[in-house]
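Accompanying notes for the structure given below.
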Amino acid sequence: MYDILIIGAGPAGMTAAIYGQRGGKKTIVFDKLSYGGQVINTAEVANYPGIPNMTGLDFADKTYNQMKDLGAEMSYEEIFEIRDADKPIKTVITTSGKEYQCKAIIIATGSSPRPLGVENEDRFRGAGISYCATCDGAFFRDKTVAVCGGGNTALEDAEVLSDIAEKVYLVHRRDEFRADATNVKRVKSKKNVELVLDSVVTAIKGERFIQGIEVENKKTGEKRELKIDGLFVAIGQMPENDIFKDVVKLNKAGYVEASEDCLTGTDGIFAAGDCRAKKVRQITTAVSDGAIAALAAIEHINKTEY
Ligand code: NAP
């Protein structure tokens, strides 16, 4: 029996575990494969207050060690189902059929990269198409690559790749970037980055490995073929909350409906970080949610009769 069971070991989930343990509650965190969440794919975290320069991996390691030192448990299992969601004692079942009981659940499943949805995308996954420049960029030394997207991830990917690859195309569907001005300025100063604006990827070509993409200018209708060795897709994130759809309310896009207080509407179940409906998805907002959700879970446990 655990007091707080956390699903997802990203910044939100691990912060919730730190607060849970410090609040005297027996806490366990679940994740499929590793801890850290999306942040481990970030080469440099430059906007976390008080720690101006650190890698995403460093951030994940330090947060993980902090929660472990406080006594939180970590289990690498995938969650399949939540049972008795409306009861004081809830049961969480893993895909291998193991059952865990707890008094409060914090959903902190984050999100995963959104696919382009263009034909052949699945075929070339791992054969030239990547969703993580920090992880796979090194395979493209002195090659030509394209990054698709206009947010902070795409701009940071383009910058990282410009130091590895010979040439980087940055394909974005508008002529303005959603990314921070600093990131845009840095990418624009790179001589080997070519901006392909107002454009979308309409076809992916190759034999065993990707060899090129077709891009279409949405304003002019003009089509152009770019010969590339790698395509980095960075067009945002999607939630992975399907297994919770009968337990908490999800919005149309699949995010958990929970406001800034992280309450889901189901007693004893909370949502923290990128998995919940919100406007700003940053490490800072995820860790903030983690703290809020854990404190709410502690309050819930303390006032519930078991
Ligand atoms: P994002 O900010 O949602 O940006 C997604 C980008 O992909 C947008 O430019 C969007 O275009 C484009 N896009 C979406 N769907 C598309 C489609 N079907 N085809 C082509 N383009 C498409 O996603 P993100 O860059 O992954 O960032 C996610 C969150 O993490 C953001 O809040 C971001 O600020 C944060 N983040 C922060 C940092 C940092 O602060 N250092 C680093 C990485 C990520 P439009 O602009 O036209 O909508």
Side-chain angles (χ1 to χ4, degrees), residues 8 10-12 36-60 108-122 129-135 137 146-161 169-188 193 195-204 213-219 226 231-240 251-255 272-289:
Q38 297 274 345
V39 72
I40 59 173
N41 301 330
T42 301
E44 188 194 0
V45 178
N47 53 8
Y48 197 86
I51 316 172
N53 294 303
M54 65 180 158
T55 65
L57 203 55
D58 198 22
F59 176 81
T109 43
S111 53
S112 57
R114 174 181 293 127
L116 272 175
V118 175
E119 204 183 337
N120 285 335
E121 184 174 7
D122 276 345
I129 295 189
S130 167
Y131 300 81
C132 174
T134 318
C135 323
V147 175
C148 185
N152 278 320
T153 305
L155 274 284
E156 288 183 10
D157 285 0
E159 191 188 351
V160 167
L161 289 164
Y169 293 104
L170 178 57
V171 182
H172 177 40
R173 66 182 177 185
R174 292 189 291 138
D175 62 356
E176 272 176 21
F177 290 102
R178 183 180 291 265
D180 297 349
T182 326
N183 281 340
V184 176
K185 197 172 164 199
R186 276 155 66 157
V187 167
K188 282 187 173 169
V193 177
L195 305 184
V196 183
L197 301 178
D198 295 317
S199 298
V200 290
V201 177
T202 44
I204 302 169
I213 50 173
E214 180 189 82
V215 292
E216 182 180 340
N217 186 303
K218 286 173 46 181
K219 282 190 177 151
L226 307 178
L231 172 63
F232 289 84
V233 180
I235 58 166
Q237 307 291 319
M238 288 187 331
E240 288 182 288
N251 71 9
K252 262 199 231 149
Y255 291 99
D274 286 9
C275 71
R276 81 166 173 88
K278 54 158 66 186
K279 192 168 173 201
V280 180
R281 294 192 168 85
Q282 296 279 308
I283 309 172
T284 44
T285 57
V287 301
S288 161
D289 274 10

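Computation of the quantities below employed the complete heavy-atom set of this structure, encompassing side-chain atoms and omitting hydrogens, waters and symmetry-equivalent molecules. First listed ligand is number 1; within each ligand, the first listed atom is number 1. Predicted model, so just to flag it, every value in this text is computed and none were measured.
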re atom 44 (C) of ligand 1, the protein heavy-atom contact at minimum distance is Thr153 OG1, 3.4 Å
Between Asp180 (side chain only) and Thr182 (backbone N and O only), is there a donor and an acceptor less than 3.5 Å apart? no
Checking a contact table here: which protein heavy atom is nearest atom 46 (O) of ligand 1, and how many Å away? Arg174 NH2, 2.8 Å
Nearest to atom 38 (C) of ligand 1, what protein heavy atom do you find, and at what distance? Asn152 CB, 3.6 Å
Does only the side chain of Asn47 get under 4.0 Å from ligand 1, or the backbone, or both, or neither? Count heavy atoms. side chain
Give me the nearest non-hydrogen protein atom to atom 11 (O) of ligand 1 as residue plus atom name, then the distance to 0.1 Å. Arg173 NE, 3.1 Å
Without swapping roles, check the side chain of Arg114 against the backbone of Gly236 for a donor-acceptor pair under 3.5 Å. no
Where is the nearest protein heavy atom to atom 42 (C) of ligand 1: which residue, which atom, and how far? Glu156 OE2, 3.4 Å
Geometry only, no angles: is Ala154 polar-contacting ligand 1 at N/O separations under 3.5 Å? no
Of the protein's non-hydrogen atoms, which lies at the shortest distance from atom 29 (C) of ligand 1, and what is that distance? Arg281 O, 3.5 Å
Shortest reach to atom 48 (O) of ligand 1 by a heavy atom, considering only Glu176, His172, Arg178: Arg178
For Ala158, give me all partners under side-chain contact (heavy atoms from CB on, under 4.5 Å), at least two apart in sequence or on another chain. Val147, Val168, Leu170, Val187
Can we call the ring centroids of Phe59 and Tyr48 under 6.0 Å apart? yes
Just by distance, do the side chain of Glu240 and the backbone of Ser111 share a donor-acceptor pair under 3.5 Å? no
Asn53 side chain to Val45 backbone, donor-acceptor under 3.5 Å: no
Proximal atoms of ligand 1 relative to Gly236 (non-hydrogen, under 4.0 Å): 5 (C), 23 (O), 26 (O)
Can a donor-acceptor pair be found between the side chains of Glu216 and Thr202 at a distance below 3.5 Å? no
For a salt bridge (Lys or Arg N to Asp or Glu O under 4.0 Å) check, start with the C-alpha distance between Arg174 and Asp198, then their side-chain angles and the critical distance, and finish with the verdict. CA-CA 4 Å; Arg174 292 189 291 138; Asp198 295 317; over 6 Å; no
Atom 37 (C) of ligand 1: nearest protein contact (heavy atom, Å): Gln282 NE2, 3.5 Å
Closest approach of any protein heavy atom to atom 18 (N) of ligand 1, naming residue and atom: Ile235 CD1, 3.8 Å
Just by distance, with hydrogens left out, do Gln282 and Asn47 show a side-chain donor and acceptor under 3.5 Å apart? yes
May I ask you to list the atoms of ligand 1 that are less than 4.0 angstrom from any heavy atom of Gln237? 26 (O)
